[in-house]
Amino acid sequence: MDLLRHLRHFVVVADELHFGRAAELLGMAQPPLSQSIQRLERELTVELFDRSRRQVRLTTAGELLLGEAEELLAGEGRLRSLMGQVRAGELGVLRAGVPPETPAVTLRALLDGLTTRAPGLDVELHELTTAEQSRMLTERTLDVGLVHHPVEADGLRFGAAVDVPLGVLLPRTSPLARGREVPLASLADLDLVAAPRATAPGWHDHLLGVCRRYGWRPARVRPARNPEFLFGLVLAGGGVAVEPATVARREPRIAWRPIADAPLAKRTSAAWPDRSAHPAAPMFAQLAADVLADAEPAPPASADPPPVPAARPWPVLFDTTG
């Protein structure tokens with residue numbers, strides 16, 4: 001028995017106290033409506049309407065049921081609305097990962113955007129490397145994350161990717177900082193300061209492959225997880241880093257110069273499991289792409305020679321097969 005359906009019929013009849021008008025409001029014929037009320041009465045073993053007079057009236061049982069039925073139907077409406085919000089990703093808990101180097105302004109914009117789009121969503125944000133996120137997404141202990149490509153993991157879906165131009169970070173006192181651009185080949189015999197390979201193996205191998213292809217074989221790769229540690233190694237001399245322009249803004253003694261002969265970009269996108277995905281994952285992915293695209297304006301003006309104009313196209317060297 002579809003109790004809720006019969007209760008909805010009962011409430012309309014109780015409000016109208018007329019089977020004909022109630023049937024019209026419900027968009028059904030009167031005989032099926034009468035049968036629905038009779039079935040409800042049989043189920044509850046009471047009479048709900050006094051039909052002995054010309055005017056239909058509620059019995060004592062009907063009057064008591066009316067309040068209960070209205071409350072039950074209102075609860076059903078709230079339940080359906082609640083589940084609809086869950087399906088739309090507007091409620092619940094979203095476990096999200098972001099790379100450790102994500103700037104504070106980017107995190108703020110991402111969290112503000114999530115609050116605006118889904119104020120009832122509880123976001124658990126975790127600082128995780130691409131490798132950690134890939135593993136946790138595969139294990140379903142993370143719902144969505146921001147990863148650096150290429151990503152070697154099966155069973156993942158990816159959102160719109162954002163390519164952030166990279167350049168060379170070097171001390172402002174370095175002779176290389178005097179030029180508008182820095183060829184990779186001019187970095188011969190210098191070390192590369194970069195995040196450890198374990199944090200993003202695909203990206204690490206891709207970066208080294210491009211460096212070698214364009215004439216720079218770093219004397220060694222110095223691992224640096226923390227931006228402050230990276231700055232320290234660069235300022236100590238003998239090593240440079242390849243990072244977005246925004247990283248250089250954290251340290252005034254560091255200069256950022258575009259790469260002359262091999263424009264390089266770091267590709268980032270959201271990733272989430274392709275099965276049993278959290279309903280908020282696609283929304284997070286689109287918001288993250290919008291935030292990342294807005295987070296990399298042209299490098300700031302300074303006393304140094306000006307960088308390449310922001311309008312320059314940035315072809316992406318992204319050969320994942322070599």
Side-chain angles (χ1 to χ4, degrees), residues 99-103 129-131 133-134 146-153 158 160-171 174-177 179-225 227 229-231 233-234 237-248 254-269 271 289 292-293 295-296 298-299 307-322:
E101 72 274 11
T102 305
T129 66
T130 291
Q133 292 184 57
S134 299
L146 288 179
V147 297
H148 299 314
H149 291 260
V151 177
E152 297 177 358
F158 299 97
V162 176
D163 295 325
V164 177
L166 301 184
V168 179
L169 299 186
L170 61 165
S174 169
L176 292 172
R180 293 169 59 90
E181 299 176 326
V182 175
L184 286 179
S186 68
L187 302 176
D189 300 326
L190 291 176
D191 296 341
L192 171 64
V193 182
R197 184 181 184 277
T199 62
W203 165 249
H204 189 275
D205 294 346
H206 169 65
L207 175 61
L208 287 179
V210 172
C211 290
R212 288 193 294 266
R213 195 180 313 159
Y214 285 83
W216 177 30
R217 293 183 175 273
R220 59 175 172 167
V221 179
R222 300 185 185 184
R225 289 178 177 268
F229 188 64
L230 181 146
F231 294 149
L233 292 179
V234 171
V240 297
V242 178
E243 297 288 344
T246 50
V247 177
I254 294 288
W256 183 90
R257 294 292 176 265
I259 300 172
D261 51 4
L264 184 64
K266 178 175 284 188
R267 178 167 294 173
T268 304
S269 79
L292 291 174
E296 193 65 28
V308 172
R312 167 181 174 171
W314 288 92
V316 180
L317 297 176
F318 213 84
D319 180 8
T320 60
T321 60

Pairwise side-chain contact, Ile254 with Val234, heavy-atom cut-off 4.5 Å (strictly under)
yes
Hey, is the main chain of Leu146 close enough, under 3.5 Å, to the side chain of Gln133 for a donor-acceptor pair?
yes
Spacing of Phe231 atom CZ and Leu169 atom CG [to the nearest 0.5 Å]
7.0 Å
Which atom pair, heavy atoms only, marks the closest approach of Leu170 to Ala177?
CD1-N, 3.6 Å
Heavy-atom closest contact (Asp163 atom, Ala265 atom, distance):
CB-CB, 3.9 Å
State which residues pass ring-ring contact (aromatic ring centres under 6.0 Å, His included) with Phe158; sequence neighbours excluded, sorted by chain then number.
His149
Reported CG-to-CG distance for the pair Leu264 and Leu166, which is rounded to 0.5 angstrom:
5.0 Å
Taking every heavy atom of Gly167 against every heavy atom of Ile259, the minimum-distance pair comes out as CA-CG1, 4.1 Å
Just to verify, what does Ala224 make a side chain to side chain contact (heavy atoms under 4.5 Å, CB included) with, not counting sequence neighbours?
Val193, Phe229, Leu230, Leu233
Between the side chain of Arg267 and the main-chain N/O of Ala161, is any donor-acceptor distance below 3.5 Å?
no
Which heavy atom of Arg180 sits nearest to which heavy atom of Arg257, and what is that distance?
O-CD, 3.8 Å
Identify the two heavy atoms, one from Glu243 and one from Trp256, that lie closest to each other, and give their separation to 0.1 Å.
O-NE1, 2.8 Å
Arg197: which residues meet the salt bridge (charged side-chain N to carboxylate O under 4.0 Å, His left out) condition with it, sequence neighbours left out?
Asp205
State which residues pass side chain to side chain contact (heavy atoms under 4.5 Å, CB included) with Arg225; sequence neighbours excluded, sorted by chain then number.
Thr129, Pro196, Thr199
His148 side chain near Pro99 side chain, heavy-atom distance below 4.5 Å:
yes
Donor-acceptor list for residues 182-189 side chains, cut-off 3.5 Å, not counting sequence neighbours:
| from | atom 1 | to | atom 2 | distance (Å) |
| --- | --- | --- | --- | --- |
| Ser186 | OG | Pro183 | O | 2.6 |

Out of curiosity, Arg213 CZ to Leu208 CG, how far, rounded to the nearest 0.5 Å?
11.5 Å
Could you tell me which residues satisfy side chain to side chain contact (heavy atoms under 4.5 Å, CB included) with Ser134, sequence neighbours excluded, listed by chain and number?
Thr130, Val151, Ala153
Judged by atom type as modelled, is there a donor-acceptor pair below 3.5 Å linking the side chain of Trp216 to the main-chain atoms of Leu192?
no
